[in-house]
Amino acid sequence: MAIEDRDAWSARELGHARPDAAKYRDLARDLRARVEGGVEFDEYAQILYSTDGSIYRAKPAGVVFPTDTSDVQAAVEVATSHEVPILPRGTGSSLAGQTVGPGCVVLDVSRHMDDILEIRPDEKRVRIQPGVVQDDLDAALSEYGLKFAPDPASSNRATVGGGIGNNSTGAHSVRYGITDAYTETVTAVLSDGSLLQAREVVIDSPEWNDIVSKDDREADIYRTVRAVVEDNADEIEARYPDLKRRVSGYNLDRVVYENSAGERVMNLATLFVGSEGTLGVIVEAELSLVTVPEETALALYCFDDLVTAMEAVPVALEYDVSAVELMDDEVFRLAANSDGYAEYVEPIPEGTDAALLLEFDSELHDDFEAAIDATTERFIHDGAAFEVVEAYTDADQADIWKLRKAAIPLLMSLEGDAKPYPFIEDATVPPAELAAYVQKFEAVLDDHDTSAAYFAHAGSGTLHVRPILNLKSESGVEDMHSITDDVTDLVLEHHGSFSGEHGDGMARTEFNPKMYGETLWDAFKRVKTAFDPEWWMHPGNVVYRSGADDIGPDSDRGVGADMREHLRYGAKYQSIEPQTTLDFTDEGGFSHLVELCNGCGTCRQTGQEVMCPTYRASREEVQTTRGRANLLRSAISGDLRPDEIHSERFQEEVLDLCIGCKGCKSDCPTGVDMAKLKAEVKHQHHQARGIGLRERLFANIDTASKVGSMLAPLSNWATKLPGVRTAMQKALGIAPERELPPFRRETLRDWFESRGGSTVERADANARVVLFPDTYTNYSYPAAGKAAVTVLEAADVHVSIPDDTAPSGRAAYSTGMLDRAKERAQSNTDRLVGQVEDGWDIVFVEPSDAVMFQDEYCNLLDGQRVEQVAASSYGVLEYLDVFRLDESLPVDDRSLGAAGTLSYHGHCNQKGTNKDHHAVGVLRRVGYDVDPLDTTCCGMAGSFGYHDEHYALSKAIGSILFDAVDASDGDRVVAPGGSCRSQLGDREGANGIPQHPIEAVADRL
């Protein structure tokens, strides 16, 4: 959806009154007068932008969403005139607290300033705005065989501007280095609103002399930086470690260098890299690029001891490898227990205490097997590894990389208040010293009676080590500070860098004087003051002042830095654990599930998987799982007023726009199940404030559908009469533009009864199933149910369709009417458990009803009976696949593509519970070539797409699906969800409602 469409939707759909925080009301007013982009200074905005992927939390003054450079200049000028500091921000996935700041005006460049301005493939250069997401940039560069070399694990949502501010890198730094090596020019807005064009300038050239001869900010910067570098040359040589990764402090060791022509140059762009927004706001950058290897291969070497794996790292570097990554057994354990990552850890053999992942690429190797054979000979036959897992296909490699990239957020899913927190987790030492460093690090942990998980970029000497602490206790906070102090000593002893990837921020700035010494610390302050004389730009990060460093009357900006301040939790944090209707035992309680959100921002990725469909369409932070979790946490911790959770705005903007897709249950690495949280909070709201007419209607849609079926076709004609849809819009809030499901006079139950039941005798059947007659299939689309019966019977399955089951309760659950959902769950469990105990299975045509039985019933009810029913419930394609019943179907030609090509859109609820892959397998085995679309929710989400106030957002989400269908080579699209097929049927140019995949299977009989 285009930016202007997103903004139009936002203005219309999120139009609740948003009073600015009183303290900043005048500032917000003046910003709105000068800035074209959005300005949000209300309480919600402050909460949403108070956290990032770190352990910190600090409320800003408010947020500005600049549309261009002039907006950034205007925002800086207005904010500084009000004596309020500035903080630029991209995705907010940073791990050291670089993108939060107390009382700052946050400039969120990710919403509008995300253009790729120019690609010059022959020069291997690209010019970008800071808000472009790295994966989007790489996708645009892929047609030229190019990419931006640094590849952080968060590349599917992290902005390139954020990567520049942080000097980011990733797994391939062994091969390519880090961001400062690829940032050629930078255009930045300084704290006085002026623009600085940072590029290579030959020292003492006419251009240089012209710059420094002036009496302005730019001239002072050039003169100061040169003097600092030249005056401190010996100290820079002594203090900056010789590492591939060093991202703390300012890049005084790299800002002056010799260019390809042998000239001595200064490039201030290098100084902006890693400056964390403390020198200026980057509004444009030119980057150099590298070619993309045509092929890669991976070898994962398994060790039974962590230190032994560390000792193998220098050996790995003797070979031409593109990456050397480490994972320990804690990562594997957590992945195995995660809904979303269990499948990726299956190839890891038992007894693996640590694993080294080596990547080889085709630019360095002609024969992958020979290259891997050579390292295997060294590691296994001559070394201490006991097994190797090889991966040559893109799919197999992607699975291993998914496991590696999920390590950070997975670790935050540990139960209880003690978590493996990031604060010293990217210290870097020379690879040859890793093993000795780790052994001494273990001693530090032992001294503090804790342990840690280990993973990361071992080939560059960077270890992500996260001590497990309870930061909700005073002792835990003090242990954190003490461990950090000890580790800085250890890093200095091993000639390392305190940060090799994640920067300084609130976590490490305090220790920069210790790492660099007083001489360079004073040099840092001189540089900061030259760029930003009054310290308006993100003060207190990278460098801070003592009370004696006076920069202006009565100013305390940037004075001091204590890593124990501004903690998201901390010793004073308290939360309320509410009494709940749903069972949150497995999640450690309602509050713990909310607090599982660590802010990593995975829910902001827009190019793959399900989460988070409303954010993909709106690009509003409040519509991410992270945003909703932030606001829920504020509600249970007292940060919001007690009744705010029942306010119109909270209900409509935070909860109602969560469409219950369940994508976060699997896609969120820590498993923040927002659909479950929403259902509980909506239920409590209903208990406190009552239930609306429309919610009652949709929660009881089975009754309405039954009446509609009895009156069909009259009921279908009635909705097309003039004025009826307008009346429905006014009375019930149903969108007049949306096609309503038709009602069929002959229901699925009627059809089944009229044919005399199952054609497969019970005594002769291979299996017996209860085919659940869900509301949509029974009353509106019996064709899919008939196809299910036909296919099941062709596989010698005896089918029964009961006439005394209740609706599944999905509609009631989705609207937060948990009492009604629980009644229906209990009724169906009581009705079906006897048949289950007699060996029957329960099969569903509609995916959301299947998942209701499989997942939500166990949250609504306790005991073995419901667990038996849940365990025996299957979607119809899932059932065929699990028991391989499709292999016995009478299909003439099973060769792939014999029946044509299908574009398959899976149901979000099934994706969220890892049940969606079954359909693709069945369709392929009966002769279809299937393109499984990597799509999010269709946007209908049951009743959501019928709501008048949600129609535009529903269509916007749907357009993402439509684009995927258009891009697919499929002859036609199939989708199991009734809502999905309705959305696809409403698509412009659609030729009716597409088939359920079970119908496509039936067509092959």
Side-chain angles (χ1 to χ4, degrees), residues 1-16 613-614 616-620 623 652-653 656-661 692-699 701 704-705 708 712-744 775-776 779-781 811 814-815 848 905 908 935-966 973 975 977-994:
M1 186 163 54
I3 286 174
E4 56 269 21
D5 294 335
R6 293 204 302 262
D7 289 347
W9 176 83
S10 298
R12 181 171 59 253
E13 300 297 328
L14 301 179
H16 296 293
T614 48
R616 293 193 192 193
S618 70
R619 302 298 172 94
E620 296 268 0
Q623 297 312 321
E652 294 184 5
E653 190 171 320
D656 288 353
L657 294 184
C658 167
I659 56 181
C661 67
L693 178 60
R694 184 177 67 184
E695 289 174 306
R696 290 185 184 277
L697 172 66
F698 281 116
I701 195 66
S705 297
L714 181 62
S715 53
N716 297 323
W717 299 337
T719 61
K720 300 183 186 299
L721 293 174
V724 171
R725 296 306 302 273
T726 301
M728 293 174 68
Q729 180 186 24
K730 291 180 177 178
L732 297 171
I734 295 176
E737 304 94 334
R738 181 68 72 182
E739 284 292 321
L740 297 176
F743 298 113
R744 308 297 179 187
T775 300
Y776 183 75
Y779 295 114
S780 295
Y781 199 80
S814 297
T815 55
S848 61
H905 168 65
C908 53
T935 45
T936 182
C937 176
C938 69
M940 282 297 290
S943 64
F944 180 88
Y946 292 102
H947 299 170
D948 189 37
E949 72 274 21
H950 298 152
Y951 175 76
L953 179 57
S954 171
K955 295 296 286 185
I957 299 170
S959 69
I960 301 171
L961 169 58
F962 303 159
D963 290 344
V965 172
D966 290 340
V973 63
S979 293
C980 310
R981 301 200 302 278
S982 295
Q983 181 83 297
L984 287 162
D986 277 355
R987 177 183 175 216
E988 185 176 349
N991 186 21
I993 293 176

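Note that the numbering runs from 1 along the sequence shown for the chain.
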Report yes if the side chains of [X] and [Y] come closer than 4.5 Å at any heavy-atom pair, otherwise no.
X	Y	result
H950	I659	no
I960	T935	no
F944	C937	no
Q983	K955	yes
D986	R738	yes
M940	S954	yes

Worksheet item: If you measure from NE2 on H905 to CG on L961, what distance do you get to the nearest 0.5 Å?
Response: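 It is 5.0 Å, given to the nearest 0.5 Å.
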Worksheet entry | Nearest-0.5 Å distance, CD1 of residue I957 to OG of residue S618 |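 The distance works out to 8.0 Å.
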Fill in: With sequence neighbours excluded, residues passing ring-ring contact (aromatic ring centres under 6.0 Å, His included) with Y781
none
Worksheet item: With F698, which residues qualify under ring-ring contact (aromatic ring centres under 6.0 Å, His included), at least two apart?
Response: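 ring-ring contact (aromatic ring centres under 6.0 Å, His included) list for F698, sorted by chain: H947.
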Between [X] (side chain only) and [Y] (backbone N and O only), is there a donor and an acceptor less than 3.5 Å apart?
X	Y	result
Q623	P613	no
T719	N716	yes
R725	I734	no
S780	F743	no
S979	A941	no
R744	Y779	no
R694	G733	yes

Worksheet entry | Any residue meeting side chain to side chain donor-acceptor pair (under 3.5 Å) with D966, in chain and number order, not counting sequence neighbours |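 R987.
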Worksheet entry | side-chain contact (heavy atoms from CB on, under 4.5 Å) between Y776 and I701, intermediate numbers included | CA-CA 9 Å; Y776 183 75; I701 195 66; over 6 Å; no
Discussion item. Between E620 and T614, is the side-chain contact (heavy atoms from CB on, under 4.5 Å) condition met? List the steps.
Written reply: CA-CA 8 Å; E620 296 268 0; T614 48; over 6 Å; no
Response to the item:
Note: M728 and L740 closest approach over all heavy atoms is CE-CD1, 3.8 Å
Worksheet item: Take atom CD in Q729; do more than 12 heavy atoms of anything else shown fall under 6.0 Å from it?
Response: yes
